[in-house]
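Below, all heavy atoms of this structure are taken into account, side chains as well, without hydrogens, waters or symmetry copies. Remember, predicted model here, so these are calculated numbers, not experimental data.
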Amino acid sequence: MDNSTLHIKHIKSDGTAGSEEPELNLQPGQIMALEGSMGSGRTTLVKAILGLGDPGNRRIHVGGFDPRTDELEARRLIAYVSEDLIFPA
């Protein structure tokens, strides 16, 4: 693993084989857009990054921390804004 802020290995969760396993490495200050069709796993991946869902066979590290085992340390390094904003009345 390198020193990236976000490192994900085995991004594909559908079990399909490929010549290369996809990886994602984001450095501090980089911006990423996550796109795909309905049911493609965008929400599942985001929840796994946030430590809120099962990452399946993905290996995820946030600042070197695994969100499953080092949840607080990983969450301190993540900012997440949902598209569903709820404001109190």
Side-chain angles (χ1 to χ4, degrees):
M1 187 177 66
D2 60 19
N3 293 327
S4 56
T5 298
L6 175 63
H7 176 85
I8 305 172
K9 190 165 177 111
H10 308 297
I11 295 173
K12 293 191 295 186
S13 62
D14 61 2
T16 58
S19 60
E20 282 187 33
E21 281 293 332
E23 284 189 40
L24 171 68
N25 291 295
L26 291 177
Q27 301 300 325
Q30 282 187 297
I31 298 173
M32 175 191 74
L34 192 59
E35 60 180 50
S37 60
M38 188 179 338
S40 64
R42 295 180 316 269
T43 301
T44 302
L45 179 59
V46 170
K47 285 182 178 180
I49 293 168
L50 296 172
L52 300 174
D54 180 11
N57 67 336
R58 299 177 185 103
R59 289 192 306 216
I60 299 172
H61 290 91
V62 179
F65 300 105
D66 183 334
R68 293 174 296 178
T69 57
D70 302 308
E71 182 179 351
L72 291 177
E73 290 83 356
R75 283 192 181 183
R76 285 186 182 117
L77 300 172
I78 298 173
Y80 171 72
V81 179
S82 172
E83 64 184 55
D84 300 320
L85 297 177
I86 300 173
F87 294 101

The single option from V46, L6, L50 that satisfies side chain to side chain contact (heavy atoms under 4.5 Å, CB included) with I78 is L50

When you measure from the side chain of Q30 to the backbone N and O of Q27, does any donor-acceptor pair fall under 3.5 Å?
yes

Between R42 and E35, the two heavy atoms sitting closest are CD-C, 3.6 Å

Separation between CD1 (I31) and CG (L26), nearest 0.5 Å, reads 10.0 Å

To the nearest 0.5 Å, how far apart are OG1 in T43 and CG in L52?
11.5 Å

Return the CG to NE2 distance between L77 and H61, rounded to the nearest 0.5 Å.
13.0 Å

How far does CG of L72 sit from CZ of F65, to the nearest 0.5 angstrom?
10.5 Å

Got a sec, which residues hit salt bridge (charged side-chain N to carboxylate O under 4.0 Å, His left out) with E73, two or more places apart in sequence or on another chain?
none

Do the side chain of R75 and the main chain of P67 share a donor and acceptor less than 3.5 angstrom apart?
no

